[in-house]
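Note that the structure is predicted; figures quoted are calculated from it, not measured.
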Amino acid sequence: MITGLMFRDSIISAANNLANSRQAVDALNIFPVPDGDTGTNMSMTIGAAAKEMATLPDDCTIDEASSRCASALLRGARGNSGVILSLIFRGFSKGFKGLESAGAADIANAFKEGVDAAYKAVMKPTEGTILTVVREAKDAAVEMAEIQDDPLEVAFAALQAAKEALAKTPELLPVLKKAGVVDAGGQGLVLVFEGMESVWHNGVIVQAIDGSAVKPVDTSKKTVAQASDEIEFGYCSEFLIEKSSSAKEKDPIKLRAFLESIGDCVVVVDDNDIIKVHVHSNEPGNVIQAALKYGQLINIKIDNMRYQHANAEVGVKDGEEVIEPKFAEPENDYGFVAVCAGDGIAELFSDIGADVIVNGGQTMNPSTDDILNAIMSTPAKTVFVLPNNKNIIMAAEQAAPLASDRKVIVLQTKTVPQGISAMLSFDYGSEPEENQMNMIAAAESVETAQVTFAARDSEVEGQKVQKGQIMGLCNGKIKYLGNDKIDIAYKTVTKLFKADEHSLITIIYGEGVTEDDAVKLEEKLRKKYGSDVDISIVNGGQPIYYFINSVE
């Protein structure tokens, strides 16, 4: 039988194993555009679960361990690969629900649930990816469980099938075959399974190589706690409640009502088997006592905000900057969360109405929890979330249902210009659904041209790309290569601009170019299109992309 202790240790082992090979998995990415990197995102995701596992006692059940693991993975999920990994383990937790330990049939059932959860979340599943690897592992587990009543044999069969499926991914995706690599997400999943197998079969936790473990980066926008000398509620209490079937209370709404009666900034988020709690009060003892009626408490954090504020004036809290997330009651009808990188772009989103900015984008994908915290910090009954990057959309969609006290609408904006256009089309006099449709239409009408550098040698659609080359992307596809940033930016804009359809060009320049460079680009475009076209320049300050330009 696979016990809770074995599952607990196997997740820690898996996180270490993936962290040790993180860079190798990152190197499998074949697209030369700098991105969040699959190995890093998956490692940071399962690293969040490993930290959670380290708090569990040796006598934990597999139900308890797997549900806590799934919850931590969901909150820590980064990038599409991280979200899919979290969904696989959420399925596992469903398969292990109510069990002390797992037998052969339970392992097979957990794989079924994991595959179902992962495939349902992807609108157009692509074979030759992590999805193929986990599906083949599931098939092998189910087949072995029918002839072997040994969970270790079932798990081993799944691992072997995953390895074989990974090796075949180049046959299913021609781009992988041409590059001579296997799928990065699939490789990450195999490393996770190998780390788990080391514990299940050999009783050995893979140890992290010094310096290889990834430390999660907090990409959400946070500021030093602001307070007056007369703070009404002095203690900030944050913790998780692990629900118990024998608990005196079941309904989290009652807990929320009580906390609101003794404090403010109350957040009570019901997430499967975990309740996430945040409150400012003068009675932390009463907060704890009330919460204990729902189950045992974990990750307890109580801060004296008056003390913090006194030290914040000199920027110190035990030698560190005081950081305090702010949560807001849903008072307004509408609110907006925008994900972006660059001070200028963040200021632009704020100017057009964004309530909270999540610092993130290419190469720095925020976690589900980062986005959830931003949603809960938005004082609105309906919150629109603009990911502005295709690798952040899934994390935002996973965060949406966790905000139980407000409606969340995630718009699938893939670029910053799409997000800006969507926000500008918002009408406060319209209903949420009508606004959603109009904002989607506005975003889809925007053509985006981006100029960046090649992060690795590659070959894309017959074009050989050398590391360090300047690349021009039109709506995400590489169209131009060269060494002149302004020339490449000019070519991408003229490729997209159609005189009979477009009348506005926006130039957003970032790190690595100057305002003079942006003016030179404007002059070239003005010379071509004349005065009938409106051209505006914005200092975005964004990393990675020298220019993010749009036509509409």
Closest approach of [X] and [Y], non-hydrogen atoms and distance?
X      : Y      : answer
Asp355 : Gly335 : OD1-CA, 3.1 Å
Glu552 : Ser421 : OE1-OG, 3.6 Å
Leu87  : Met394 : CD1-CE, 4.5 Å
Leu411 : Ala422 : CD1-CB, 4.5 Å
Ala77  : Ala395 : O-CB, 4.2 Å
Ser503 : Phe497 : N-CE1, 4.2 Å

Return the [atom1] to [atom2] distance between [X] and [Y], rounded to the nearest 0.5 Å.
X      : Y      : atom1 : atom2 : result
Ile505 : Glu522 : CD1   : CD    : 9.5 Å
Leu73  : Ile46  : CG    : CD1   : 6.0 Å
Glu242 : Leu56  : CD    : CG    : 7.0 Å
Asn41  : Arg22  : CG    : CZ    : 10.5 Å
Ile507 : Ile537 : CD1   : CD1   : 5.0 Å
Leu74  : Leu85  : CG    : CG    : 11.5 Å

### Query
Any idea how Phe96 and Phe92 line up, ring-wise: parallel (<30°), tilted (30 to 60°), or perpendicular (>60°)?
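Because their plane-to-plane angle lies in the 30° to 60° range, the rings of Phe96 and Phe92 count as tilted.
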### Query
Relative to each other, are the rings of Phe336 and Tyr428 parallel, tilted or perpendicular (30° and 60° limits)?
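Ring orientation of Phe336 relative to Tyr428: perpendicular.
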Quick check: do [X] and [Y] have side-chain heavy atoms less than 4.5 Å from each other?
X      : Y      : answer
Arg256 : Leu259 : no
His278 : Asn373 : no
Val383 : Val356 : no
Val416 : Phe349 : yes
Cys69  : Met53  : yes
Asp183 : Val133 : no
Thr506 : Pro417 : no
Lys414 : Thr448 : no

Would you call [X] and [Y] a salt bridge, using N to O less than 4.0 angstrom?
X      : Y      : value
Asp370 : Arg78  : yes
Asp116 : Lys94  : no
Lys485 : Glu511 : no
Lys495 : Glu447 : no

Does atom [atom1] ([X]) have a neighbourhood of more than 12 heavy atoms from anything else shown, all under 6.0 Å?
X      : atom1 : answer
Asn332 : CG    : yes
Lys120 : NZ    : no
Leu504 : CG    : yes
Lys254 : NZ    : no
Glu329 : CD    : yes

Short side-chain to backbone donor-acceptor contact, [X] and [Y], under 3.5 Å:
X      : Y      : result
Thr413 : Gln418 : no
Thr452 : Tyr545 : no
Thr55  : Glu52  : yes
Asn549 : Ala449 : no
Asp369 : Ser367 : no

### Message
Using the side-chain hydrogen bond (donor to acceptor under 3.5 Å, both in side chains) definition, which of the options Asp37, Asn80, Thr38 pairs with Asn391?
### Response
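Running side-chain hydrogen bond (donor to acceptor under 3.5 Å, both in side chains) over Asp37, Asn80, Thr38 with Asn391 returns exactly one hit, Asn80.
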### Message
Is there a side-chain contact (heavy atoms from CB on, under 4.5 Å) between Tyr546 and Ile470? Walk through the geometry before answering.
### Response
CA-CA 9 Å; Tyr546 302 118; Ile470 305 301; 3.6 Å; yes
### Query
Do Tyr294 and Phe239 have ring centres separated by under 6.0 Å?
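No, ring centres 6.0 Å or more apart.
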### Message
Under 3.5 Å, is there a donor on one side chain and an acceptor on the other for Glu127 and Thr132?
### Response
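Present: a donor and an acceptor within the cut-off.
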### Message
Determine whether Ser71 and Arg75 satisfy the following criterion, side-chain hydrogen bond (donor to acceptor under 3.5 Å, both in side chains), listing intermediate values before the conclusion.
### Response
CA-CA 6 Å; Ser71 183; Arg75 297 193 304 272; 2.5 Å; yes
### Working for side-chain hydrogen bond (donor to acceptor under 3.5 Å, both in side chains), residues Asp26 and Thr40
CA-CA 7 Å; Asp26 284 345; Thr40 297; 2.7 Å; yes
